[in-house]
Visitor: 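Okay, handing you the structure first.
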Number of protein chains: 2
Amino acid sequence: MTSVKRACGNCNLRELCLPYGLSNDELERLDELVTSRRKIKQGEFLYRAGSGFEAIYAIRSGFFKTDVLLEDGREQVTGFQMGGELLGLDGISTEFHTCNSVALEASEVCVIPFSRLETLSREIQTLQHHFHKVMSREIVRDHGVMMLLGTMRAEERLAAFLLNLSQRFTARGYSHADFYLRMTREEIGSYLGLKLETVSRAFSRFQEAGHIAVQQKHIRILNIAGLKALMSHQRV
Amino acid sequence: MTSVKRACGNCNLRELCLPYGLSNDELERLDELVTSRRKIKQGEFLYRAGSGFEAIYAIRSGFFKTDVLLEDGREQVTGFQMGGELLGLDGISTEFHTCNSVALEASEVCVIPFSRLETLSREIQTLQHHFHKVMSREIVRDHGVMMLLGTMRAEERLAAFLLNLSQRFTARGYSHADFYLRMTREEIGSYLGLKLETVSRAFSRFQEAGHIAVQQKHIRILNIAGLKALMSHQRV
DNA sequence: TATTAAGCTTGATCCAAGTCAACCTGTAAC
DNA sequence: GTTACAGGTTGACTTGGATCAAGCTTAATA
């Protein structure tokens, strides 16, 4: 846990994150609230299902997964999160977290005490509205995942997944076509409702088709249109 | 579109709905905002994907489904909603709706103009916090659906679905064990990522096992423990 | 009362993805 | 540099749920 002076004002992710749209004055007031950061090593939990909720977290650097577990041990990865995205929104409803959040690489998050965020967002309309948009965006994203899981075939799911990652890397100034996956095939599979072998085979088929080049976690997208076309292939 | 005086103060769903936890004074202020209702006939849209967002809706009576469609026509039902639940939260993020909302029986909703709700929730902390809880609850629910779609088998999905309906009917004062489905087998299947034939067969198997009695849309739950056991691969 | 159509059930068959198993690759530890 | 191991790939085979098809039920309408 480290403490910081200008958490948001100096952050290059601010346009993707909670401070979006705030004036300088408002940014300063948000900075008063975001005064501590947490570093999380690869494999460590940011929070666990069942643990008390008192803050949400903005990812300053790194990469996370969130998952839920059934009593019998089955895991469902519910999302992968990267810089500028918020973690912990699930905890608001019940006052405790309902999923696990695990760092997939060494990461750092800004701690945003939730009741103070509510207080501030009663005073700053822009902040309030943007926070509502972020929560709503999460609901819309979830609907997209349901569509993926409920109606798409294995290759469509994986193509959608790669295109989504690509788009989010682009938004953060990274290459849209050349990146390293932070998650294993098993984690991708869990997110997409597939087994790791199916994910691996789909990668291989994409490579054979010339859509991508895969070498373990290194992905290069060679034909983005090809991937997009895969997603509109109707079930036979 | 009808206009009303005491929308929330007189509503018997208020403890399940947005007004939860408000004082009488606060309830009156919310009533100033919730001044119109809309009746929707069976099969009609409350809103469509792409249409502008300016209000959320509280279900006063009736039953809805929400769905998203792919360009090729494939449908994913993202949820079924009943009295006291909020519709339209998906529209906040993009200023237009991203899914369709269709009445599955003659229904009535209260119209809650969203920007006025934001204004009021800057003034009433309880309202603000409860609204955040409702949005968060939707996110948590979505995670549950992902678990369903991603890791559960057909019978587990249907058992989870029935138990969820049962629990929500109970909360509204209806029988937990005897109810009529408002949706078709096809809509259940879309929600659960299954084909209608699979849903029908699973119902038949539940009936053979003595867990339920089905006659078309009429469901009686005979052995709730049996259904619960199905979800954890246990025997009863 | 007969007709129609939408929705539901059930049987037969098929196939996409799961399972099982063997082997490969990269990397961390010694 | 060797070893060990987690993660990834690929092949052979199995299976749960999809698909195709036929018939049944219920409710609306003529």
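Predicted model only: the values in this text are computed from it and were never measured. Throughout, protein chains are lettered first and strands after them, A, B, ... in sequence-line order, and every chain is numbered starting at 1.
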Visitor: Once you round it to whole Å, what is the distance between P of C:dT10 and CD of B:Glu208?
Guide: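 Taking CD of B:Glu208 and P of C:dT10, I get 8 Å after rounding.
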Visitor: Through what angle, rounded to 10 degrees, does the axis of the helix from C:dT1-D:dA30 to C:dC30-D:dG1 turn between its ends, using five pairs per end?
Guide: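 Here the local axes at opposite ends form an angle of 40°.
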Visitor: Any base atoms under 4.0 Å from B:Gly193, or only sugar-phosphate, or nothing? Heavy atoms, all strands.
Guide: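 Here B:Gly193 touches the backbone only, sparing every base.
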Visitor: Expressed as a whole number of angstroms, how long is the span from B:Gln207:CD to C:dC8:P?
Guide: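 Atom-to-atom, B:Gln207 to C:dC8, this comes out as 15 Å.
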Visitor: In a check of ring pair (Phe, Tyr, Trp, His ring centres under 6.0 Å) between B:Phe80 and each of B:Phe64, B:Tyr191, B:Phe169, which one passes?
Guide: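 Of the listed residues B:Phe64, B:Tyr191, B:Phe169, the ring pair (Phe, Tyr, Trp, His ring centres under 6.0 Å) partner of B:Phe80 is B:Tyr191.
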Visitor: Quick one: list whatever passes salt bridge (Lys or Arg N to Asp or Glu O under 4.0 Å) with A:Glu105, sequence neighbours left out.
Guide: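 A:Glu105 satisfies salt bridge (Lys or Arg N to Asp or Glu O under 4.0 Å) with A:Arg182 only.
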Visitor: Side chain to side chain contact (heavy atoms under 4.5 Å, CB included), that's the test. Do B:Thr94 and A:Val140 meet it? Break it down for me.
Guide: CA-CA 9 Å; B:Thr94 50; A:Val140 173; 5.8 Å; no
Visitor: With A:Asp67, which residues qualify under salt bridge (Lys or Arg N to Asp or Glu O under 4.0 Å), at least two apart?
Guide: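 Once residues adjacent in sequence are excluded, the partners of A:Asp67 under the salt bridge (Lys or Arg N to Asp or Glu O under 4.0 Å) criterion are A:Lys65.
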Visitor: Separation of B:Glu156 atom CD from D:dG17 atom P, in whole Å?
Guide: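 Those two atoms, CD and P, are 9 Å apart.
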Visitor: Nearest to the side chain of A:Lys217 - C:dG7, D:dG8, C:dA17?
Guide: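 Comparing C:dG7, D:dG8, C:dA17 against the side chain of A:Lys217, the answer is D:dG8.
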Visitor: To the nearest Å, give me how far apart CG (A:Leu194) and P (D:dG16) are.
Guide: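 In whole Å, D:dG16 P lies 18 Å from A:Leu194 CG.
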Visitor: Report the distance from atom CD of A:Glu187 to atom P of D:dA6, rounded to the nearest whole Å.
Guide: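 Roughly 15 Å, once rounded to whole Å.
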Visitor: Taking the minimum atom-to-atom distance to the side chain of A:Leu196, which one of D:dT10, C:dC8, D:dT9 wins?
Guide: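 My answer, after comparing the listed nucleotides, is D:dT9.
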Visitor: Please determine if B:Arg172 forms a cation-pi arrangement with B:Tyr174, meaning its NZ or CZ atom is less than 6.0 Å from the six-membered ring centre and no more than 45° off the ring axis.
Guide: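 The answer is no; the distance or angle limit is not met.
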Visitor: Can you build the contact string for nucleotides 25-30 of chain C? Use B for base contact, S for sugar-phosphate-only contact, and - for no protein heavy atom under 4.0 Å.
Guide: -S----
Visitor: Under 3.5 Å between N/O atoms: give me all the protein pairs with nucleotides 19-22 of chain C, atom names plus distance.
Guide:
residue : atom : partner  : partner atom : Å
C:dT19  : O4   : A:Arg201 : NH2          : 2.7
C:dC20  : N4   : A:Glu197 : OE2          : 3.3

Visitor: Could you list the residues that satisfy side-chain hydrogen bond (donor to acceptor under 3.5 Å, both in side chains) with A:Asn12, not counting sequence neighbours?
Guide: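 Counting only residues at least two positions away or on another chain, A:Asn12 forms no side-chain hydrogen bond (donor to acceptor under 3.5 Å, both in side chains).
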